[in-house]
Number of protein chains: 2
Amino acid sequence: MQLRRDRAWDLDPESPIGPQLHRILRERIVRNDLISGSKISEPEVAKYYSISRQPVREAFIKLSEEGLISIRPQRSTVIKKIDSEAVLQARFVREAIEADIVKLLATRSDPVLVRELRAQLAEQERVAAGNPAQFIRLDERFHRTLAEASDNAGAWKFVEGLKSQMDRVRFLSLSFFPMPKLIAQHKAVVDCIETGDLAQAESAIRLHLKEILTDLPEIQAVNPEFFSQVSE
Amino acid sequence: MQLRRDRAWDLDPESPIGPQLHRILRERIVRNDLISGSKISEPEVAKYYSISRQPVREAFIKLSEEGLISIRPQRSTVIKKIDSEAVLQARFVREAIEADIVKLLATRSDPVLVRELRAQLAEQERVAAGNPAQFIRLDERFHRTLAEASDNAGAWKFVEGLKSQMDRVRFLSLSFFPMPKLIAQHKAVVDCIETGDLAQAESAIRLHLKEILTDLPEIQAVNPEFFSQVSE
DNA sequence: GAAGATTGACTTGTATGGAAGTATGGAGCA
DNA sequence: TGCTCCATACTTCCATACAAGTCAATCTTC
């Protein structure tokens, strides 16, 4: 498969290799740098990164649990195509979690948090025009900030896992996705947190997280080769 | 450590050993069969089950991700004590997910599902008197049925991971936990699903999942040695 | 007797070799 | 030409060996 054409994905031989490799491979899969549907094998990756097969195997197992690859013993391991059903389920769970998080934040209405969020909003608007990839980073930071501010840092670990499924879709269509709209939705959430309006805050974040529902069919129609759906 | 005194926890050499061992060890930890705070090592477990270190290692990694053990490289691996903070966070996330699931089910109000749930309620009442451990199984089945009926089978995978933290607390005090009350709460949820009352359904499941909040302090006070809290 | 250095028995992380199963391509035959 | 069989090259899974770090007890030294 097309493992070559790497860039700065280097790993530090001083710290445990397995987890490092897991992050690297996940990133490459989510960004569609590693093409979905293609095969990938332990010795191949091991040789490429000049490490043994054991850490590779451990990374593979984690990727498999996230639903990004499919390990078929004695057959092969393939990078799964995007399963739109899995994306929808991840989105459902994520909406449920973040809705409760935002409700919690609205009951508190912490001024320090609001100021931090507004600073992030400004930064989002600054990069909104030109850099979609960078915006995705800022978006992740925004949602992580919400989770951690609710004293549920543990909750973010789950949301993070759910995001990888959704992010695969996003990276498919970096060009057309409506950053100004998303920023406005972020702003609505912050406003409701500030005013302490629970119901409005909840519906604002739920609306925001439903955005992908409208985009998904389009993106899937444009890039059918990246989705499993009926085929296979 | 006290790995001996096993019972029927045997593994099938025909199917992959790593995942099997993971389930077995998780079960033993959750049931406090393996004492929290004690050390556990790869070669020890490998020798006991007459397998190599490799599958054991894979099981350990998974347990570590669930927050049940703590792997300290070159030092040792210990079975984590119950972190009441982690329990609370798991509970929070679980409530959020299941609340949305039940809301979804109430909008549909599927008679077939309701009949299935009522059958489970009857079974719960049948064993309620004598067998707390069996009740926990039925309780898990009840909640899993809800998740799967919402066409979000994927969501259950997450709830399952969250449950392990909460179940550790439950197994600490099998004697005093109010099965009739819990069954009544289950029944309230089913009733609301049947009548299609979204708001009532949501508050019913949320109330049900808040039950552990009242029990946790008591249980922790009675069994302080199983909790981390202040000490380390 | 007390404090410090050292050796040895642990721990987990990584590397490598063998075993069992599967897919594939070519040879042989009808 | 088309089908069957078989050998070979893959794959993942498990076992074993080595490497590097940590901890504790013991021995030495003051």
Side-chain angles (χ1 to χ4, degrees), chain A residues 1-4 9-25 29 34-80 232, chain B residues 1-4 9-25 29 34-80 232:
Chain A
M1 53 135 268
Q2 40 20 300
L3 198 52
R4 325 303 147 180
W9 315 101
D10 277 344
L11 34 83
D12 170 24
E14 298 304 318
S15 32
I17 297 177
Q20 284 187 78
L21 187 62
H22 168 234
R23 278 194 299 274
I24 290 175
L25 291 179
I29 293 174
L34 298 180
I35 298 173
S36 62
S38 59
K39 290 200 294 187
I40 184 174
S41 81
E42 290 176 4
E44 176 189 26
V45 177
K47 188 176 179 183
Y48 178 69
Y49 285 100
S50 302
I51 55 180
S52 76
R53 286 170 7 228
Q54 211 49 52
V56 179
R57 174 172 173 74
E58 290 166 11
F60 273 24
I61 291 176
K62 290 182 185 176
L63 292 173
S64 167
E65 288 172 352
E66 292 179 82
L68 293 179
I69 68 176
S70 171
I71 301 177
R72 300 177 302 172
Q74 275 69 37
R75 287 174 144 79
S76 69
T77 298
V78 300
I79 300 173
K80 287 176 83 169
E232 197 217 12
Chain B
M1 52 134 270
Q2 39 22 297
L3 198 52
R4 325 302 149 181
W9 315 102
D10 277 344
L11 36 83
D12 170 23
E14 297 304 318
S15 33
I17 296 177
Q20 283 187 78
L21 188 62
H22 169 234
R23 278 195 300 274
I24 291 175
L25 291 179
I29 293 174
L34 297 181
I35 298 172
S36 63
S38 60
K39 289 200 293 186
I40 183 174
S41 82
E42 291 177 3
E44 176 189 29
V45 177
K47 188 176 180 183
Y48 177 69
Y49 286 100
S50 302
I51 55 179
S52 78
R53 271 185 50 209
Q54 216 47 55
V56 178
R57 175 171 173 76
E58 290 164 14
F60 273 26
I61 291 176
K62 291 183 186 177
L63 292 172
S64 167
E65 288 172 353
E66 291 178 83
L68 292 179
I69 69 176
S70 172
I71 301 178
R72 301 177 302 172
Q74 275 68 38
R75 291 174 140 79
S76 68
T77 298
V78 301
I79 301 173
K80 288 176 82 169
E232 200 218 9

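FYI, side chains are in, hydrogens and waters are out, and symmetry mates aren't considered; it's all heavy atoms of this structure. Throughout, protein chains are lettered first and strands after them, A, B, ... in sequence-line order, and every chain is numbered starting at 1.
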I need the [atom1]-[atom2] distance between [X] and [N], as an integer number of Å.
X: Arg72(A); N: dC10(D); atom1: CZ; atom2: C1'; result: 13 Å
X: Ile69(A); N: dT11(D); atom1: CD1; atom2: C1'; result: 13 Å
X: Glu42(A); N: dT16(C); atom1: CD; atom2: P; result: 14 Å
X: Leu21(B); N: dC14(D); atom1: CG; atom2: P; result: 10 Å
X: Ile71(A); N: dT12(D); atom1: CD1; atom2: P; result: 8 Å
X: Asp12(B); N: dC14(D); atom1: CG; atom2: P; result: 11 Å

* Asked: What are the residues of residues 55-63 of chain B, sorted by number, that bring a heavy atom to within less than 4.0 Å of DNA chain D?
  -> Pro55(B)

Pull out every protein N or O sitting under 3.5 Å from an N or O of nucleotides 16-21 of chain D, one pair per line with the distance.
residue	atom	partner	partner atom	Å
dT16(D)	O4	Gln54(B)	OE1	3.3

Can you confirm whether [X] sits close enough to [Y] that some side-chain heavy atom of one is under 4.5 Å from a side-chain heavy atom of the other?
X: Val56(A); Y: Tyr49(A); result: no
X: His22(A); Y: Glu66(A); result: yes
X: Leu68(A); Y: Ile79(A); result: no

* **Presence of Thr77(A) side-chain N/O under 4.0 Å of dT12(D) phosphate oxygens OP1/OP2** => yes

* Check against side chain to side chain contact (heavy atoms under 4.5 Å, CB included), Thr77(A) and Glu42(A) -> CA-CA 9 Å; Thr77(A) 298; Glu42(A) 290 176 4; over 6 Å; no

* Considering only side-chain heavy atoms of Ile17(B), which listed nucleotide, dT11(C), dC14(D), dG13(C), is closest? -> dC14(D)

* Full working for side chain to side chain contact (heavy atoms under 4.5 Å, CB included) between Val78(A) and Ile40(A) -> CA-CA 6 Å; Val78(A) 300; Ile40(A) 184 174; over 6 Å; no

* For Gln54(B) and Glu58(A), run side chain to side chain contact (heavy atoms under 4.5 Å, CB included): C-alpha distance rounded to whole Å, both residues' side-chain angles, the deciding distance at 0.1 Å, then the answer. => CA-CA 10 Å; Gln54(B) 216 47 55; Glu58(A) 290 166 11; 4.2 Å; yes

* Asked: Would a distance-only check, ignoring hydrogens and angles, find a side-chain to backbone donor-acceptor pair under 3.5 Å from Gln20(B) to Asp12(B)?
  -> yes

* For Ser41(B), does its backbone N or O pair with a side-chain atom of Glu44(B) as donor and acceptor, under 3.5 Å? -> yes

* **Trace of the side chain to side chain contact (heavy atoms under 4.5 Å, CB included) decision for Leu63(A) with Ile61(A)** => CA-CA 5 Å; Leu63(A) 292 173; Ile61(A) 291 176; over 6 Å; no

